[in-house]
Amino acid sequence: MAAPLSTMKFWKPGSEAPGISEERELNSETTGSPIVFNPHTALSIEKQRQKLPVFKHRNNILYLVESYQTVIIVGETGCGKTTQIPQYLLEAGWAAEGKVIGVTQPRRVAAISVANRLAEERGALLGHEVGYTIRFDDCSDPHATRIKFLTDGMLVREMMSDPLLKKYSVLMLDEAHERTLYTDIAIGLLKKIQKKRRDLRLIVASATLDAKKFHDFFNLNESGDPNKDTCGILTVEGRTFPVDVFYTSCPRLCEGHSGDVMKIHETEDDGDVLAFLTGQEEVEKVVSLLQEQARTLSRYGMKKHLRILPMYSGLPYAEQMKVFERAPTSVRKIVVATNIAETSITINGVVFVIDCAFVKLRAYNPSTAIESLVITPISKASASQRAGRAGRNRPGKCFRLYTGMCECAIDRRSLPVFLLPLLCSSEEDFEKLPASTVPEMQRTNLAPVILQLKALGIDNVLRFSFLSPPPAQTMVQALELLYALGGLDHYGRLTDPMGVRMAEFPLSPMFAKMLLESGNFGCSKEIVTIAAMMQIQNIFVVPPNQKKAAAREHRKFAVAEGDHLTMLNVYEAFIKHQKSSQWCQEHFLNYKGLLRAVTVREQLRRLMNKFKVPRTSSEGDPDVILKCIVFGFFANAARIHHSGSYRVVFNEVVQTAKYYMRDVTAVESSWLVELAPHFYKQAKHGSLASKRSRVL
DNA sequence: GAGCACTGC
């Protein structure tokens, strides 16, 4: 990577800071240089480009894009596909006549950093020829931008204003094998668009395993004659180092994990260690165990020291940044992480991976409408992705522990039967794992998806061509909810204006409904704040070593009515203290999160103005706010106990070992009947009955 | 008083 420019100046407030993404990490190792055209540098950039594995496929790629409507590119890590293919297309004239080459990424940081790298490589200022578009940050020029990176969610949004995506000549869906919700939605919609736009070219960048599935999905040739295929496949080899895999079994995970770490530390050469666990609690537990052992070791005068660091998304920002710091040669870095380290971040210098072979995954139960987090064995695809984290810089080693996990994290007796065969550990057990992870589309609440599809003119969502169709019951349940919210009519058609407006909000339908009605309840100012706050995770920061102090500070914001008004309190206090980061630190609040809440609130406010929702304030009366929340969230009502009068509405339910409700507020049961008579009926004895079995 | 994989509009 020659002539690296300082990319920091392109970062805007509110966007993710450097260090989180793999590309950032690469940049941080080089020093900044001024933006001056230098023919020698240009030459060396050209040489660098030609060294990438994808380069020798250049002509073939261009030929395939010319001949097929869709091309599946199996591009392994480090082959250069993301930055090079858009440039080949540009050079071959695919961005002529004002057309744009679009490249989607599942994550915001990836879109920004890849755009940065490409602009750098082309000696261009970001936002002109090369740009990016993500929510809250559009760094592209509608006239000048030829190569545009965007999140796949953003692409789906663009379809709402430009249903045929007319400005694009080619779209490349990167990391399609991850099968995120929005990638899958985009894939289904693009297949439909292709039928109307024969000139639109699609490149799907995927891992080996899924190539055939993608090919069969996009190939419109039914003649059986391969010469008439509309979809081609090309494989580009990667540039990674071999990783040896070892299978070990340990009686208990935590001891097992720390034991293996110590074994590596004592017997293996230099190189950092990355250990995968399933959740925050486990991570903290293993970190403290290791720190204890490291202290013992240093007392015995081990030459090399250990630096043990946790990594998970709920970790305060400054703590997260520590894992990207390069350790001195006399120190071995050990990162204990959740699944965040599988795809979202890359830590340089990792040579050893320890994999518990489990992951916490979202699952959705349509009959109860409960989303839960379930500890599940990982797929083979996931396992090799994790192992690959050891081979980025030089040959590495991966240790898989299949037994210990269950013993430690979950009570063996509570294990689902299908997990029991996994309790012995060997290579054969690895063979029993599913080939790939169930796509998000098949394990999520579909109400937001269906609302979006309806808004995009997909009338019969049950017949939409999903790459992996979701369970029919989940779809029916989502349709029912959308009908109850007034977003769909009797025939399942989008209502105008309610349904149309709900779909425009970048929120789940319940939030949209609550916002759109808040003016009539006389509390739109408060509701927009509450909705914005509920989009932010981990507003309350709890450092593991300061749990009590944090709880003490957090209690100051708590109110009896519940979490919604508590969050309103936090936001208003944050504004009152001039959005001070110092103030946030003193009260154990997530400063970056609160800043994001301000931005989200602004976006929601704009949409509400667009739909002429009156600006009203409850002036301190909590009841109107609570009633308005009920008007959106009536379907999420619960009572604590049969005989109890304590009733609540909640934002979501999370199942771990037990059921936990998040963002809970107490309400009067009579409100449910009053505000959602179509959903609830008052039973004779005064208790409340749901027309569906939704009472927990 | 403990409890919460990871993204995205």
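Order of the sequence lines fixes the chain letters, A, B, ..., with proteins taken first and strands second; residue numbering starts at 1 for each chain. Below, all heavy atoms of this structure are taken into account, side chains as well, without hydrogens, waters or symmetry copies.
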Asks: With respect to the phosphate group of B:dC6, does any side-chain polar atom (N or O) of A:Thr343 fall under 4.0 Å of OP1 or OP2?
Replies: no
Asks: Whole angstrom is fine here: how far is it from CG in A:Leu456 over to C1' in B:dC9?
Replies: 12 Å
Asks: Would you mind reading off the distance between A:Arg596 atom CZ and B:dC9 atom C1', rounded to a whole angstrom?
Replies: 9 Å
Asks: With nearest nucleotides of DNA chain B determined for A:Asn339 and A:Leu507 from heavy-atom distances, which residue corresponds to the more 5′ nucleotide?
Replies: A:Asn339
Asks: By the 4.0 Å heavy-atom rule, please label A:Gln280 as base, sugar-phosphate, or nothing.
Replies: sugar-phosphate
Asks: Of the listed nucleotides (B:dG3, B:dC6, B:dC9), which one gets closest to any side-chain atom of A:Ser313?
Replies: B:dC6
Asks: Using atom CE of A:Met510 as one end and atom P of B:dC9 as the other, report the distance to the nearest whole Å.
Replies: 22 Å
Asks: For the side chain of A:Ser344, starting at C-beta, report the closest nucleotide among B:dC6, B:dC9, B:dC4.
Replies: B:dC6
Asks: Using only side-chain N and O atoms of A:Arg157, determine if any of them is under 4.0 Å from OP1 or OP2 of B:dG8.
Replies: no
Asks: Where the side chain of A:Arg135 is concerned, which of B:dT7, B:dA5, B:dC9 is the nearest nucleotide?
Replies: B:dC9
Asks: With a 6.0 Å cut-off on the ring centroids, do A:Phe511 and A:Phe633 count as close?
Replies: yes
Asks: Report the relative orientation of the aromatic rings in A:Phe611 and A:Phe505; use parallel for angles under 30°, tilted for 30 to 60°, perpendicular for over 60°.
Replies: tilted
Asks: Taking atom P of B:dC9 as reference, at what distance in whole Å does atom CG of A:Asp138 sit?
Replies: 12 Å
Asks: So is A:Arg386 actually on top of A:Phe276's ring, under 6.0 Å and inside 45° of the axis?
Replies: yes
Asks: Classify the nucleic acid contact of A:Arg107 as base, sugar-phosphate or nothing, counting any heavy atom under 4.0 Å across all strands shown.
Replies: sugar-phosphate
Asks: More 5' along DNA chain B: A:Gly314 or A:Met154, using each one's nearest nucleotide?
Replies: A:Gly314
Asks: When all nucleic acid strands are considered with a 4.0 Å heavy-atom cut-off, which category describes A:Thr180: base, sugar-phosphate, or nothing?
Replies: nothing
Asks: Please name the pair of heavy atoms, one in A:Gln442 and one in A:Val438, separated by the smallest distance, quoted to 0.1 Å.
Replies: OE1-CG1, 3.5 Å
